[in-house]
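A quick note: this is a predicted structure, and the numbers were derived from the prediction, not measured.
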Amino acid sequence: MTEREAVVRLQQVRKSFNVGEPTEVEILHGIDLALAPGEFCAVMGPSGSGKSTLLNIVGLLDRPSSGQLSIAGEETTQLDDQALTRLRGRSIGFVFQYHHLLGAFSALENVMLPMLGLNGFPNAAMRERAESLIDSVGLTRWRDAPAGRLSGGQQQRVAVARALAMQPALLLADEPTGNLDTKSADAVFELLRQVNREHGTAVLFVTHNPALALRCDKTIEVVDGQVV
């Protein structure tokens, strides 16, 4: 798999905090990782292993201390903050453990937010795409309901729809089922698999649930800042 073919490629990525100080500590130790288009990969590891740091770097929310990171064929380590924001907005969708919806906004309005962030004002095309995404996650009846009145499982479905608003090549899911009951967790996982299969979206799925990890295409384990 060439760099251009990979949706994500990390080469010898390291991340240190408090650089140059007595308390300097290296969290990630030379990570090599590649994710192909349409691949669904589970990320597992104990608390404090570096999973969140790794996800923040892949999501362009933080920069590696050294090494190379390519997203959708674009090498990122030399990009300025503005260019990183643009690349993140068009190439990466996020689903977190907590949905981070605006409770007073409707489900539809929450899904439109990423599009508004890049285009500045709403239009008919945005609304049409948001409606289509809401329908695709099975929430047609709740399009106009305030997000704060939806159940936890429904809120995560809205979060998945929002993450797909910009048709990203990569979806980062950080414990998206961690706060849900078993039935809702299974439904959200199956929704992510459906998105993966139907749209060819690559998925990095952080989980502590080995049963869900077994249903992914592959699993990587992060232990003490290294992929094992």
(request) Apply side chain to side chain contact (heavy atoms under 4.5 Å, CB included) to the pair L28 and R14, showing each step before the final yes or no. (result) CA-CA 5 Å; L28 298 181; R14 296 177 180 272; 5.5 Å; no
(message) Apply side chain to side chain donor-acceptor pair (under 3.5 Å) to residues D32 and Q12 and explain how you reach the verdict.
(response) CA-CA 5 Å; D32 290 315; Q12 285 299 295; 3.0 Å; yes
(message) Checking L35 against L204 for the side chain to side chain contact (heavy atoms under 4.5 Å, CB included) test, could you report, in this order, the C-alpha distance in whole Å, the side-chain angles of both residues, the deciding distance, and whether it holds?
(response) CA-CA 8 Å; L35 190 66; L204 270 181; 3.9 Å; yes
(request) Report the C-alpha distance between E74 and R90 in whole Å, list the side-chain angles of each, state the deciding distance to 0.1 Å, and finish with yes or no for salt bridge (charged side-chain N to carboxylate O under 4.0 Å, His left out). (result) CA-CA 12 Å; E74 185 167 356; R90 71 173 183 264; 3.0 Å; yes
(message) Run L172 and I92 through side chain to side chain contact (heavy atoms under 4.5 Å, CB included) and show every step you take.
(response) CA-CA 7 Å; L172 299 180; I92 305 174; 3.9 Å; yes
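At most 12 heavy atoms of other shown residues, nucleotides or ligands fall within 6.0 angstrom of atom CD in E128. Other residues, nucleotides and ligands contribute at most 12 non-hydrogen atoms within 6.0 Å of the CD atom of Q78.
Note that CG of L214 is 8.5 Å distant from SG of C216, once rounded to the nearest 0.5 Å. A distance of 3.5 Å separates OG1 of T76 from CG of L69, quoted to the nearest 0.5 Å. Between the CD atom in E109 and the CG atom in L102 there is a gap of 9.5 Å [rounded to 0.5 Å]. Within the model, atoms CD of E75 and CD of Q11 stand 8.5 Å from one another, a figure rounded to the nearest 0.5 Å. Separating the CD atom in Q156 from the CG atom in L192 is a distance of 8.5 Å, to the nearest 0.5 Å. Once rounded to the nearest 0.5 Å, the distance linking CG of L54 with OG of S49 reads 9.0 Å.
Here the closest non-hydrogen pair linking A36 and V7 is C-CG2, 4.0 Å. R157 approaches L139 most closely through the heavy-atom pair CB-CD1, 3.7 Å. Across all non-hydrogen atoms, the minimal contact from T77 to P64 is CG2-CG, 4.0 Å. Minimum heavy-atom separation, D81 to R63: OD1-NH2, 2.9 Å. Contact between G93 and P168 at its shortest, heavy atoms only, is N-CB, 3.6 Å. Closest non-hydrogen pair, L101 versus A147, comes out as CD1-CB, 3.9 Å.
Under a 3.5 Å cut-off, the side chain of E175 and the backbone N or O of H208 do form a donor-acceptor pair. Put simply, the side chain of Q154 gets close to the backbone of S151: a donor and an acceptor are under 3.5 Å apart. Counting only distance, with no hydrogens or angles, the side chain of N56 and the backbone of D62 share no donor-acceptor pair below 3.5 Å. No donor-acceptor distance shorter than 3.5 angstrom exists from the side chain of S70 to the backbone of R9, with no hydrogens or angles considered. Under a 3.5 Å cut-off, the side chain of N196 and the backbone N or O of T201 do form a donor-acceptor pair. Under the 3.5 Å distance criterion, the side-chain polar atoms of R162 are left unmatched by any main-chain donor or acceptor of M112. Remark: the backbone N or O of L60 is paired with a side-chain donor or acceptor of R88 at under 3.5 angstrom. Looking only at distances, no side-chain donor or acceptor of S16 sits under 3.5 Å from a matching main-chain atom of V19. Remark: the backbone N or O of S65 is not paired with any side-chain donor or acceptor of K15 at under 3.5 angstrom.
I31 and M44 are not part of a single hydrophobic cluster, where members link through side-chain heavy atoms under 4.5 Å apart. Cluster membership for V195 and L212, using ILVMFWY side-chain heavy atoms within less than 4.5 angstrom, is shared.
Scored by the ring-ring contact (aromatic ring centres under 6.0 Å, His included) test, F189 finds F40, F205 as partners (sequence neighbours excluded).
Under the 4.0 Å criterion applied to side-chain N and carboxylate O atoms, R193 and D186 are not assigned as salt-bridge partners. Remark: D80 does not engage R86 in a salt bridge, criterion side-chain N to carboxylate O under 4.0 Å. D135 and R141 are not joined by a salt bridge, as no carboxylate oxygen comes within less than 4.0 angstrom of a charged side-chain nitrogen. Under 4.0 Å is where a charged nitrogen must lie from a carboxylate oxygen, and between E190 and R215 at least one such pair does.
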Show which side-chain atoms of residues 218-228 pair as donor or acceptor with protein atoms under 3.5 Å away, not counting sequence neighbours.
{"unit_1": "K218", "atom_1": "NZ", "unit_2": "A34", "atom_2": "O", "d": "3.3"}
{"unit_1": "T219", "atom_1": "OG1", "unit_2": "A213", "atom_2": "O", "d": "3.4"}

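In this structure the side chain of D174 never reaches within 4.5 angstrom of the side chain of V43, judged on heavy atoms. Inter-residue side-chain proximity for R129 and Q167 is flagged as met; some heavy-atom pair is nearer than 4.5 Å. Considering only heavy atoms from C-beta on, L87 comes within 4.5 Å of L79 through its side chain. For the pair L108 and E131, the minimum side-chain heavy-atom distance is below 4.5 Å.
Residue pairs satisfying the ring-ring contact (aromatic ring centres under 6.0 Å, His included) criterion with at least one member in residues 139-158, sequence neighbours excluded, are absent.
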